[in-house]
2 protein chains.
Amino acid sequence: MYAAAQTSFQQADHVERTQISGPYLVAPYNAGREIYAEGDLIDKCYQVSTGAVSVYRLLPDGRRQVVSFHLPGEMFGFEAGSNHSFFAEAITETKLAVFGRRHMQERSRELLALALTGMARAQQHLLVIGRQCAVERVAAFLIDLCERQGGGRRLRLPMSRQDIADYLGLTTETVSRVVTKLKGRSVIALRDARTIDIVKPDALRALCN
Amino acid sequence: MYAAAQTSFQQADHVERTQISGPYLVAPYNAGREIYAEGDLIDKCYQVSTGAVSVYRLLPDGRRQVVSFHLPGEMFGFEAGSNHSFFAEAITETKLAVFGRRHMQERSRELLALALTGMARAQQHLLVIGRQCAVERVAAFLIDLCERQGGGRRLRLPMSRQDIADYLGLTTETVSRVVTKLKGRSVIALRDARTIDIVKPDALRALCN
DNA sequence: CGATAACTTGAAGGCTATCAAATGTTGTGG
DNA sequence: CCACAACATTTGATAGCCTTCAAGTTATCG
């Protein structure tokens, strides 16, 4: 099990063992590095230690849908069946706690809760993508990300406009235009493209419906 | 437990007990009848015996997103947390096998598999809604439904065009136009609005990308 | 058989995509 | 440290797909 885990992390610079709540590995990933690919065997799951991860799927012609982002503390990598249907990659410099199959079997109760919240997230996201306009989607995204980062007013985006667009079913141009519009209304302010201050939280929330 | 289940089915005409793989109730629902509502306590889960069910969510202004349909043999009703975030209703005359909380606890292993496939379905659907055009969405929907009904060439739609539209993030008019277009290309043929013959399965599959 | 709902079809407009280019940022080698 | 290349983001103009609004046609049910 761990031998298998290690061979697949041969590109990782430093592989260290820790033992906070059971044995696992902590592996570093450079920005853009693939964590697993569609078709890969499912034999571990992951918890983000630092950084951020995107899980996505591709169409033959290159269209991409990001189904989830994962921030520090969040788990991912569990799917139905024995092989992955999605790709996962590190968005930024990232460290992941890696759990083996044995750990997943021992903690199937917690895994159930994770699967249920994963299902809830995806279904909530269906409403956003299926029935909300561009402004509503971006507003919902910013609020969601803000809450998952602790709820402060300053928001750090680990992902690019393209990643956001592929998550929201939009284009980078549209995402950028919406951000500009929200900035114009002073709902948000940008320190730089990846750092957003939420100036009017209530106004932002109102935009989600 | 069963007392609680029974009180909530007082509108059901006939409530019968059966004992195929554990104790449960089989309750009939008229077309359009609500099974549970957003906010309701989660204390049972359901398996479609006959008929069909839709699970959906509403925005304050009435926009609706159907997150899943459930056909005979399929289970639904399990969600994260203690209260429902979604509505469920019978689409047609429907009979449901109802399982209590105790059953859910005893079968948490199977529930995990169900939650994982539910998550997979929702995430797959995200790709369809987020990145595919109207024709691709309808084609994917027809193929999915066809496979879930056994894979024959004749397809019976239990749901209305509005239900389909709310599932695919479109309008009834667009769904209707796409169906007309597919009929014009002889990819499908309609016996009536709810009964579709798949004339060219490969062509239909090709339309999904 | 009439009334109501479901479905289809048509015309026009709006939102977002596409294409294009400017501006800003990041990383690297000299 | 600067220059430059590569990339990310923003902004603009135009086009297309789908929605909206409206009306006609078909099915369903009492």
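Order of the sequence lines fixes the chain letters, A, B, ..., with proteins taken first and strands second; residue numbering starts at 1 for each chain.
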inquiry  = Does anything in residues 160-172 of chain A come within less than 4.0 Å of DNA chain D? Heavy atoms only, and list the residues if so.
reply    = A:Ser160, A:Arg161
message = Can you confirm whether A:Leu127 sits close enough to B:Leu59 that some side-chain heavy atom of one is under 4.5 Å from a side-chain heavy atom of the other?
response = yes
key: Charged N-O contact under 4.0 Å between A:Asp61 and A:Arg63   = yes
Side chains of A:Lys95 and A:Tyr29 in contact at under 4.5 Å (non-hydrogen atoms) = no
ask   = Are side-chain heavy atoms of A:Thr174 and A:Thr171 found at a separation under 4.5 Å?
value = yes
inquiry  = If you apply the rule ring pair (Phe, Tyr, Trp, His ring centres under 6.0 Å), what do you find for A:Tyr167 with A:His125, and how did you get there?
reply    = CA-CA 9 Å; A:Tyr167 180 66; A:His125 197 195; 4.0 Å; yes
ask   = So, do B:Phe86 and B:Glu38 sit near enough that their side-chain heavy atoms are less than 4.5 Å apart?
value = no
task = Measure the shortest side-chain to side-chain distance between A:Val53 and A:Phe69 over non-hydrogen atoms and say whether it is less than 4.5 angstrom.
result = no
key: Side-chain N,O (A:Thr180) to OP1/OP2 (D:dT11) below 4.0 Å   = yes
Residues which pass side-chain contact (heavy atoms from CB on, under 4.5 Å) with A:Arg191, listed by chain and number, not counting sequence neighbours = A:Arg154, A:Thr195, A:Asp197
ask   = Any chance the side chains of B:Gln162 and B:Arg64 put a donor and an acceptor closer than 3.5 Å?
value = no
request  = Measure from CD1 on B:Ile91 to C1' on C:dA6 and round the result to the nearest Å.
outcome  = 15 Å
ask   = With a 3.5 Å cut-off and no angle check, do the side chains of B:His84 and B:Glu79 form a donor-acceptor pair?
value = yes
ask   = With a 4.5 Å heavy-atom cut-off, do B:Glu93 and B:Pro28 have their side chains touching?
value = no
message = Whether B:Glu74 and B:Arg148 form a salt bridge (side-chain N of Lys/Arg under 4.0 Å from carboxylate O of Asp/Glu) is what I want to check.
response = yes
ask   = Of all of residues 183-195 of chain B, which get a heavy atom below 4.0 angstrom from DNA chain C, listed by number?
value = B:Leu190, B:Ala193, B:Arg194
remark   = Students should find that the end-to-end axis angle of the helix from C:dC1-D:dG30 to C:dG30-D:dC1, with five pairs defining each axis and rounding to 10 degrees, is 50°
ask   = Can you tell me if A:Gln65 and A:Asp166 form a side-chain donor-acceptor pair at under 3.5 Å?
value = no
Please tabulate the protein-to-nucleotide N/O contacts below 3.5 Å involving nucleotides 19-23 of chain C, giving atom names and distances.
{"unit_1": "C:dC19", "atom_1": "N4", "unit_2": "A:Glu173", "atom_2": "OE2", "d": "3.0"}

key: Neighbours of DNA chain C within residues 60-68 of chain A, by heavy-atom distance under 4.0 Å   = none
query = Can A:Glu89 and A:Tyr36 be counted as having a side-chain donor-acceptor contact under 3.5 angstrom?
reply = no
